[in-house]
Structures are given as structure tokens and as C-alpha cells.
S.K.: 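Take this structure first; my questions come after.
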Amino acid sequence: GAAAEARTAPKTLWPGVTYERGVQFTPHGPVAISILRGPRPGGVTTLEPILSNDTLLGRETLSGMERRLGTSATTAGVNGDYFTLATGLPSGVLMQDGVLVSPPTSARASAGITSDGRLDIRRISFFGSWQGTGERHPLETFNEAPGPNGVALFTDRYGPTTPLVRGATLVVLFPFPAAVPGIDLQAAVGEVIRSGSPLEIPQGGAVLLARGTGATQLAAEAQPLTDVTVRLQLRPGWSGVV
């Protein structure tokens, strides 16, 4: 059957922004909802995704994030994603100003805001590639640990160090450009390290972490003083989403 709703009168938080509480009556019982309404993003009041602690790792309360932003803006916020309780890692996509921070989960929908303020909701999947002195190879994951023979890229938005992955090969890329999807991201190879211990991710840099056959390819084709080209892709392209 159709769901019915009941709402309180909207409360004005500041000009153009209101808050209201409601209840949606569903076949499975009542669901409490909180609703913020604001103008189309891009003006004095805008809409931005904020990351707890400014890194993927770790947790921070919503009120703590608002207090942290309170010196520069008046804010009203809602939780934007599910996350892994133990690590704080978001379980879905996060983009900030067109830069990819966390990859999408293709098993469920992702919500995007375009540069002109439109809402674009669809299933998005991630795939990528890396290329050193040889041909292009698949980049299995982004800012999360790869599978047994995979290669992953970790940017400085992940956290201070890469995760513990025993027997991994790690390649430091510095400087590394902003992780904008759909373009070639070229960086110079610094250190090449064969160790499973967490490795510091340099600010403004990134680390390729590989296992198994991926580690063999990475060690052979990403030597110090050469360049590596990484490409982060969203499918479909999600054009205009920032």
C-alpha cells in the first residue's frame, strides 16, 4: 500500500533554510524523518559533503563536525552515508569539489549533486587502471585494501598510513594530482618498498599497494625515477557531478 506522512510545521533556521520533523507510516511501521530544505546549491547557502576528521579513517559525531565548521560558517547537517563502525570508512561514494575520496558501491544507489545544483541519483560503479613502463593494468580498488592479486591506490585523504597488508609491494607517488575521475593522473615514482607494514602516505602524494601477481607487475613496471599514470573511472561517467 501507499505510505502516508505526517509533518510538523517547518522551522526557519536562517533565511531560505527550514527544518521539519515528520513520520512516514509504512507497511512495516512508522518511520521518523527529519527534513532540511534549502536553496539550490551555489549561493550564499550551499550544500557540501563533509568528511569526519577530514580523513576516511576515524569517526566524528555530526555535532562535532558542525562545531569544527562553526568558526567559518553557520551549518545544519545530516548523516550522508553508512560506514564501517570499526574503521569509520564510508560504505559508498564521496566526492568533494569533483575530487574522488571514496569509491561508489555498485550494489546500491549513489546520490550526486551537479555543478548547477541538480540531483542525480543512479547506480555507479568504480574501475580504474595504472600504467608504468608497460601496458595498462587494472586498478582494483581505491582507498581500500585490494584482493589477493590486486592493486589499490591510497591518497592522503585515506589517513596517515596505508593499511596493514602482509607481503605487499608499495610504491610511493609524489607529487600526486587531485584524484579527479576520468582523466590521466601522472606522478613520479619515489620509493618502492616490499613490506606488509603500514606506510606513511605523504601529504600531496599517494601510494600504490599491490598483492600477489599485481605486486610482481608493480615491482617490475614502477621503478624509481619513472612515471606512473593512474586513471580513476566511474561507470556511467556521472558527468557534471561534483
Side-chain angles (χ1 to χ4, degrees), residues 48-69 72 77 79-105 110 124 126-130 138-148 150-181 185-212 214-215 218 222 228 230-234 242:
E48 294 186 11
I50 302 300
L51 182 60
S52 71
N53 309 288
D54 281 333
T55 60
L56 291 175
L57 291 181
R59 293 179 293 160
E60 186 179 16
T61 63
L62 183 61
S63 56
M65 295 163 72
E66 291 181 315
R67 283 193 297 270
R68 178 158 55 84
L69 297 169
S72 59
N79 284 323
D81 196 7
Y82 298 110
F83 61 91
T84 303
L85 193 63
T87 61
L89 283 173
S91 63
V93 67
L94 175 62
M95 289 179 67
Q96 293 178 309
D97 296 324
V99 176
L100 189 63
V101 181
S102 177
T105 299
S110 297
I124 301 292
F126 168 83
F127 68 102
S129 65
W130 69 272
L139 184 72
E140 182 185 347
T141 57
F142 174 65
N143 278 336
E144 57 187 19
V151 181
L153 177 74
F154 290 89
T155 65
D156 57 10
R157 300 306 306 278
Y158 174 79
T161 67
T162 60
L164 174 64
V165 179
R166 299 194 184 282
T169 293
L170 302 103
V171 170
V172 178
L173 304 176
F174 187 87
F176 192 79
V180 176
L185 307 171
Q186 190 174 53
V189 174
E191 295 180 278
V192 178
I193 300 167
R194 293 170 179 81
S195 169
S197 301
L199 180 68
E200 181 180 353
I201 304 172
Q203 286 297 306
V207 174
L208 283 168
L209 184 152
R211 301 175 62 192
L218 187 65
V228 166
V230 174
R231 196 173 181 95
L232 310 174
Q233 293 287 147
L234 301 177
V242 293

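What you are looking at is a predicted structure, and each value in this text was computed from that prediction instead of being measured. Start at 1 with the first residue, then count along the sequence.
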S.K.: Q96: which residues meet the side chain to side chain contact (heavy atoms under 4.5 Å, CB included) condition with it, sequence neighbours left out?
M.R.: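 So Q96 forms a side chain to side chain contact (heavy atoms under 4.5 Å, CB included) with P49, L51, L94, V101, R157.
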S.K.: Taking side chain to side chain donor-acceptor pair (under 3.5 Å) as the definition, give me every residue that meets it alongside S102, ordered by chain and number, with sequence neighbours left out.
M.R.: none
S.K.: As an exercise, state the distance from CG of L170 to CG of L218, rounded to the nearest 0.5 Å.
M.R.: 8.5 Å
S.K.: Might you point out which heavy atoms bring G98 and P181 nearest each other, and give the distance in Å?
M.R.: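 Heavy atoms of G98 and P181 come nearest at O-CD, 3.4 Å.
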S.K.: Of the non-hydrogen atoms in P175 and A187, which two are nearest, and what is the gap between them?
M.R.: O-CB, 3.3 Å
S.K.: Can you list every pair that meets salt bridge (charged side-chain N to carboxylate O under 4.0 Å, His left out) and has a residue in residues 160-181, with sequence neighbours left out?
M.R.: none
S.K.: For P146, which of L139, L209, V151 qualifies under side-chain contact (heavy atoms from CB on, under 4.5 Å)?
M.R.: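 Testing P146 for a side-chain contact (heavy atoms from CB on, under 4.5 Å) against L139, L209, V151 leaves exactly one candidate, L209.
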S.K.: Measure across A222 and V189 and return the closest heavy-atom pair with its distance rounded to 0.1 Å.
M.R.: O-CG1, 3.8 Å
S.K.: Considering residues at least two apart in sequence or located in another chain, which fulfil the side chain to side chain donor-acceptor pair (under 3.5 Å) criterion with Q233?
M.R.: R231
S.K.: Among L100, D81, I124, T105, exactly one meets side-chain contact (heavy atoms from CB on, under 4.5 Å) together with V93. Which residue is that?
M.R.: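 Among L100, D81, I124, T105, the one meeting side-chain contact (heavy atoms from CB on, under 4.5 Å) with V93 is L100.
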S.K.: Return the set of residues passing side chain to side chain contact (heavy atoms under 4.5 Å, CB included) with S197 (not counting sequence neighbours), or none when no residue passes.
M.R.: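 By the side chain to side chain contact (heavy atoms under 4.5 Å, CB included) rule, S197 matches S195.
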S.K.: Sort and list the pairs that fulfil salt bridge (charged side-chain N to carboxylate O under 4.0 Å, His left out) and have at least one residue in residues 48-60, not counting sequence neighbours.
M.R.: D54-R68, E60-R68
S.K.: Once you round to the nearest 0.5 Å, how far does CG of L56 lie from OG1 of T84?
M.R.: 10.5 Å
S.K.: In chain order, what residues pass the side chain to side chain contact (heavy atoms under 4.5 Å, CB included) check against V99, with sequence neighbours excluded?
M.R.: A178, A179, V180
S.K.: State which residues pass side chain to side chain donor-acceptor pair (under 3.5 Å) with T61; sequence neighbours excluded, sorted by chain then number.
M.R.: S63
S.K.: If the condition is side chain to side chain contact (heavy atoms under 4.5 Å, CB included), which residues does E144 pass it with, not counting sequence neighbours?
M.R.: P103, T141
S.K.: Could you give the side-chain donor-acceptor pairs of residues 85-92 under 3.5 Å, partners two or more places apart or in another chain?
M.R.:
from: T87; atom 1: OG1; to: L89; atom 2: N; distance (Å): 3.2
from: S91; atom 1: OG; to: Y82; atom 2: O; distance (Å): 3.1
from: S91; atom 1: OG; to: R108; atom 2: NH2; distance (Å): 2.6

S.K.: If I take atom CD from residue E191 and atom CG from residue L173, how far apart are they, to the nearest 0.5 angstrom?
M.R.: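 CG of L173 is found 11.5 Å from CD of E191.
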S.K.: Might you work through the side chain to side chain contact (heavy atoms under 4.5 Å, CB included) test for L153 and W130, ending with a clear yes or no?
M.R.: CA-CA 9 Å; L153 177 74; W130 69 272; over 6 Å; no
S.K.: Which pair of non-hydrogen atoms, one from F176 and one from A206, has the smallest distance, and what is that distance?
M.R.: CG-CB, 3.7 Å
S.K.: Could you go through the side chain to side chain contact (heavy atoms under 4.5 Å, CB included) check for I201 and T162 one step at a time?
M.R.: CA-CA 7 Å; I201 304 172; T162 60; 3.9 Å; yes
S.K.: Tell me the closest heavy-atom pair linking P202 and D156, and the distance in Å.
M.R.: O-CB, 3.7 Å
S.K.: Rounded at 0.5 Å granularity, tell me how far CG in L232 sits from CG in N143.
M.R.: 9.0 Å
S.K.: Is it true that, when you exclude Q186 itself, more than 12 heavy atoms of the residues, nucleotides or ligands shown sit nearer than 6.0 Å to its CD?
M.R.: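 It does: Q186 CD has more than 12 such atoms within range.
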S.K.: Identify the heavy atoms of P198 and T161 that sit nearest to each other, and give their distance.
M.R.: CB-OG1, 3.7 Å
S.K.: Applying ring-ring contact (aromatic ring centres under 6.0 Å, His included), name anything that partners Y158, two or more places apart in sequence or on another chain.
M.R.: F154
